[in-house]
Number of protein chains: 2
Amino acid sequence: MKPKTSAALSTQSMLQLDQQLCFALYSASLAMNKVYRTLLAKLRLTYPQYLVMLVLWERDALTVSEIGERLFLDSATLTPLLKRLEAAGLLDRVRSAEDERQVIISLTAEGRALKKQAGSVPSEVFCATGCEVDELLALKTQLNDLRERLANNS
Amino acid sequence: MKPKTSAALSTQSMLQLDQQLCFALYSASLAMNKVYRTLLAKLRLTYPQYLVMLVLWERDALTVSEIGERLFLDSATLTPLLKRLEAAGLLDRVRSAEDERQVIISLTAEGRALKKQAGSVPSEVFCATGCEVDELLALKTQLNDLRERLANNS
DNA sequence: TGCTATTTAATTGCAAGCTATATATTTTGC
DNA sequence: GCAAAATATATAGCTTGCAATTAAATAGCA
């Protein structure tokens, strides 16, 4: 099988390639989730829960939708997840006094303390990727671009 | 903010980058799923169901684990999914006569017929990605490599 | 003012996806 | 041949993630 230039690719193979990309994206994402599952087990967090904690460690006392904007998730996903983190004692959910439609999410002392314990996670994930920094950077940029285009065309 | 070479990246920024890559992967995957949800609605298929159908359109009469090997999914995910496809009349699940532990998954006439209707999906997804073919190819390769490394290190 | 439109969260119902476990069958070792 | 190990699928229980809907509060405007 000869290598082909992009000009020589048939429409058919383009379409297959496209399917292959989507599948690669899908299965890489599942594989990443599995790695995080293992690493986050000691913190008793899932990956989406960890993402919420990362957001709050960076900036505390956000509304549900402010968290959602950063993570591209809506209240249907976040509300139950935040309730579980609240039940775990990591954060508080309080109606805003100024605008009672909003719910302010604030870390508890326990939630802030967890940041230290989570300190080793990034380097462990980095090792699991087995990537060079340049590679990570390029991939990150491409995936962000792809996400934006997909979100605009759906 | 000056652009940095990889040599100049601090450990801290490397770790942040790594987190950013994982989040980019996660959210791009969700965005892709949403695009497929729209496109597959007319076929009454979800994306994982579509993947199973792609596998069977390529090669019919596979066992549950043969499908699982191709999609990196196990029976806990596949059995309920296959039951739904069976209930939709797209495939049959029959215990193998030679080895009664195995279940053979075979397309029904309706399942085979759906292939034609699905013909337009790849090009529609391709448009939604807004990518050049070269870009798709590079990304696919990188994601497959990443998936493999993550799977080996978890 | 009062009434409608908008915004924010929450809820419902569904399909994945995972770990851990169970069940049935086949293979292996003696 | 038979008990133990291995294999294949299924099930239970949990957490996402989503579309669609609801409930409540605020904003906007005649």
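Just so it is clear, the values below take in all heavy atoms, side chains as well, and ignore hydrogens, waters and symmetry mates. Proteins get letters first, then strands, A, B, ... in listed order; numbering begins at 1 in each. No experiment lies behind these values; they were computed from the predicted model shown.
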Side chain of [X] only, heavy atoms from C-beta on: which candidate in [options] is closest?
X        : options                : value
B/Asp99  : C/dT6, C/dT26, D/dA19  : C/dT26
A/Gln102 : D/dT9, C/dC18, C/dT8   : C/dT8
B/Ser65  : C/dA15, C/dT19, D/dT9  : D/dT9
A/Gln49  : D/dT15, C/dA10, C/dA16 : D/dT15
A/Thr79  : C/dT11, C/dC18, D/dA10 : C/dT11
B/Leu73  : D/dT11, C/dT8, C/dC18  : C/dC18

Starting at atom [atom1] of [X], determine the distance to atom [atom2] of [N], rounded to an integer number of angstrom.
X       : N      : atom1 : atom2 : answer
A/Leu81 : D/dC14 : CG    : C1'   : 13 Å
B/Arg37 : C/dG13 : CZ    : P     : 18 Å
A/Tyr50 : D/dT15 : OH    : C1'   : 19 Å
A/Tyr47 : C/dC18 : OH    : C1'   : 17 Å
A/Arg95 : D/dA24 : CZ    : P     : 10 Å
B/Leu82 : D/dT11 : CG    : P     : 12 Å
A/Lys34 : C/dG17 : NZ    : P     : 11 Å
A/Leu40 : C/dT19 : CG    : C1'   : 15 Å

(message) Need to verify one output field. Residue with the more 5' nearest nucleotide on DNA chain D, A/Glu98 or A/Ala76?
(response) A/Ala76
(message) Quick check: on DNA chain C, is the nucleotide nearest A/Thr77 upstream (toward 5') of the one nearest A/Leu30, or the reverse? Name the residue that is more 5'.
(response) A/Thr77
(message) If you assign B/Pro80 and A/Lys83 each to the DNA chain C nucleotide with the nearest heavy atom, which residue ends up on the more 5' nucleotide?
(response) A/Lys83
Is the closest side-chain heavy-atom distance between [X] and [Y] below 4.5 Å?
X        : Y        : value
B/Ser106 : B/Ile104 : yes
B/Gln49  : B/Leu81  : yes
A/Gln142 : B/Gln142 : yes

(message) Suppose we call a contact any N or O donor and acceptor under 3.5 Å apart; does that hold for the side chain of A/Ser75 and the base of C/dA10?
(response) yes
(message) Does B/Arg101 contact D/dT9 through a side-chain donor or acceptor facing the base, at a distance under 3.5 Å?
(response) no
(request) Would you tell me if any nitrogen or oxygen in the side chain of A/Thr46 comes within less than 4.0 Å of OP1 or OP2 on D/dT16? (result) yes
(request) Answer yes or no: does a side-chain N or O of A/Arg93 lie under 4.0 Å from OP1 or OP2 of C/dA10? (result) yes
(request) Identify which one of B/Tyr26, B/Tyr36, B/Tyr47, B/Phe72 satisfies the ring-ring contact (aromatic ring centres under 6.0 Å, His included) criterion when paired with A/Tyr26. (result) B/Tyr47
(message) Less than 3.5 Å apart, any donor N or O on the side chain of B/Tyr50 or A/Gln19 sitting next to an acceptor on the other?
(response) yes
Regarding [X], tell me which of base, sugar-phosphate or nothing describes its non-hydrogen contacts under 4.0 Å with the strands shown.
X       : value
B/Tyr26 : sugar-phosphate
A/Leu78 : nothing
A/Asn33 : nothing

(message) Do the side chains of A/Glu69 and A/Arg59 get close enough for a salt bridge, i.e. N-O under 4.0 angstrom?
(response) no
